[in-house]
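To start, the structure itself, in structure tokens.
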Number of protein chains: 2
Amino acid sequence: MRLSTKGQYGLRAMFELAVNYGEGPIPLKIIADRQFISEHYLEQLVATMRKAGLVRSTRGAQGGYALSRPPGEITVGQVIRVLEGPLAPVECAIDNEEPICDRSGYCPTRIIWIKMRDSINQVVDSITLKDMVDDFRKMHPDKSYMYEI
Amino acid sequence: MRLSTKGQYGLRAMFELAVNYGEGPIPLKIIADRQFISEHYLEQLVATMRKAGLVRSTRGAQGGYALSRPPGEITVGQVIRVLEGPLAPVECAIDNEEPICDRSGYCPTRIIWIKMRDSINQVVDSITLKDMVDDFRKMHPDKSYMYEI
DNA sequence: ATAATTCCGAGTAAATTAGTAGGCATTGAA
DNA sequence: TTCAATGCCTACTAATTTACTCGGAATTAT
């Protein structure tokens with residue numbers, strides 16, 4: 001049960017934008033270079049996040065991307081769900097409505113999938129991009145130079 | 001981030017074996033019929049579980065499968081991990097050793113993947129097959145007839 | 001003997017993943 | 001006003017994974 005590279009790369013890209021929040025638009029090329037991601041591929045992921053309202057873009061020279069809200073107001077869960085879809089271990093646990101499946105009567109496994117789902121989402125919804133940045137700066141005060149333009 | 005049908009079907013099959021624990025071997029055909037799973041496909045999943053020591057088989061006529069331990073001693077996590085591999089959202093969070101990846105220095109996302117991993121495993125490791133059966137019987141005391149041979 | 005079963009290895013169609021490729025549109029700066 | 005930098009868009013693709021199917025050999029109770 002793995003996340004695809006979409007969620008992984010996307011979150012790393014958002015971390016970069018969070019680190020540089022308030023410093024104007026950052027071009028994708030910079031993010032792709034810093035995070036070792038194919039720029040063209042990242043473009044698609046960022047497009048998804050733009051459509052979902054997580055980032056804003058500025059076109060043309062000196063353009064780039066920026067978070068559309070402060071890092072403290074964007075959770076890891078929001079990012080991952082936008083790129084990966086609902087975080088649920090099976091389809092029938094995506095929402096809480098009673099599922100329609102071919103097995104009549106009570107499903108002995110669904111309650112487990114729902115517990116897994118809630119537990120996963122609780123984790124990612126409790127962490128914001130700001131938390132990630134704070135954590136990074138705490139662990140690597142010496143590496144702040146890495147994130148100047 | 002979904003479980004494959006291996007984990008889903010496998011757990012449902014194990015539930016069946018748990019419901020009938022202590023009543024001799026149950027043929028795959030019965031399990032497949034009750035749980036609406038292709039018998040041939042289930043065969044492969046059960047083979048994996050047999051090799052992992054979760055079930056025992058009896059060959060020949062009147063043969064079948066049985067749990068190799070009481071339902072209270074087999075967790076959902078054990079079943080799922082045998083069929084799906086380690087429950088981790090990304091490769092570098094499978095174990096706790098420092099990962100070797102192309103990004104030198106501190107990875108700002110890994111701590112999140114590890115929290116997700118631990119949270120997922122905590123859920124599945126805290127539920128046994130016995131818990132599933134107890135829950136089923138509590139919810140459907142009327143349907144015990146479904147599980148007689 | 002026979003029927004019921006497990007056991008084993010091969011094959012496969014469809015879906016998903018993880019990108020690539022190429023070009024158009026927009027804009028700041030020289 | 002030109003041009004380089006940048007975002008935007010659509011299509012294509014190779015490799016991998018998924019979810020099976022198929023056919024038959026081995027084993028055993030009756």
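A note on names: the letters A, B, ... follow the listed sequences, proteins ahead of strands, and every chain is numbered from 1. Worth saying up front: this structure is predicted, and the values here are computed from it rather than measured.
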- Query: Out of curiosity, B:Leu17 CG to B:Leu67 CG, how far, rounded to the nearest 0.5 Å?
  - Reply: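 It comes to 5.0 Å.
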
Rounded to whole angstrom units, what separation is found between the [atom1] atom of [X] and the [atom2] atom of [N]?
{"X": "B:Ile26", "N": "C:dA4", "atom1": "CD1", "atom2": "C1'", "answer": "15 Å"}
{"X": "A:Arg2", "N": "C:dT17", "atom1": "CZ", "atom2": "P", "answer": "14 Å"}
{"X": "A:Leu3", "N": "C:dA18", "atom1": "CG", "atom2": "C1'", "answer": "14 Å"}
{"X": "A:Phe36", "N": "C:dG19", "atom1": "CZ", "atom2": "C1'", "answer": "18 Å"}
{"X": "B:Lys29", "N": "C:dA3", "atom1": "NZ", "atom2": "P", "answer": "17 Å"}

- Message: Assess whether a salt bridge exists between B:Arg81 and B:Asp125, defined as any Lys/Arg side-chain N lying under 4.0 Å from an Asp/Glu carboxylate O.
- Response: yes

- Query: Is a salt bridge present between A:Lys29 and A:Glu39, judged by a nitrogen-to-oxygen distance below 4.0 Å?
  - Reply: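 Between A:Glu39 and A:Lys29 there is no salt bridge, as every charged N stays at least 4.0 Å from the carboxylate O atoms.
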
Side chains of [X] and [Y]: do they bring a donor and an acceptor to under 3.5 Å?
{"X": "A:Glu84", "Y": "A:Ser4", "value": "yes"}
{"X": "B:Tyr65", "Y": "B:Thr58", "value": "no"}
{"X": "B:Arg69", "Y": "B:Gln78", "value": "yes"}

- Numerically ordered, the residues 38-63 of chain B set in heavy-atom contact under 4.0 Å with DNA chain D is B:Ser38, B:His40, B:Tyr41, B:Gln44, B:Arg59, B:Gly60, B:Ala61

- Task: Report the residues that fulfil salt bridge (charged side-chain N to carboxylate O under 4.0 Å, His left out) with B:Asp134, sequence neighbours left out, ordered by chain and then residue number.
- Result: B:Lys130

- Item | Minimum heavy-atom distance between A:Thr75 and A:Val124, given as atom pair plus value |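 Taking A:Thr75 first and A:Val124 second, the nearest heavy atoms are CB-O, 3.9 Å.
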
- Go through DNA chain D in 5' to 3' direction and return only the first and the last nucleotide with some atom under 4.0 Å of chain B's heavy atoms. D:dA19 to D:dA29

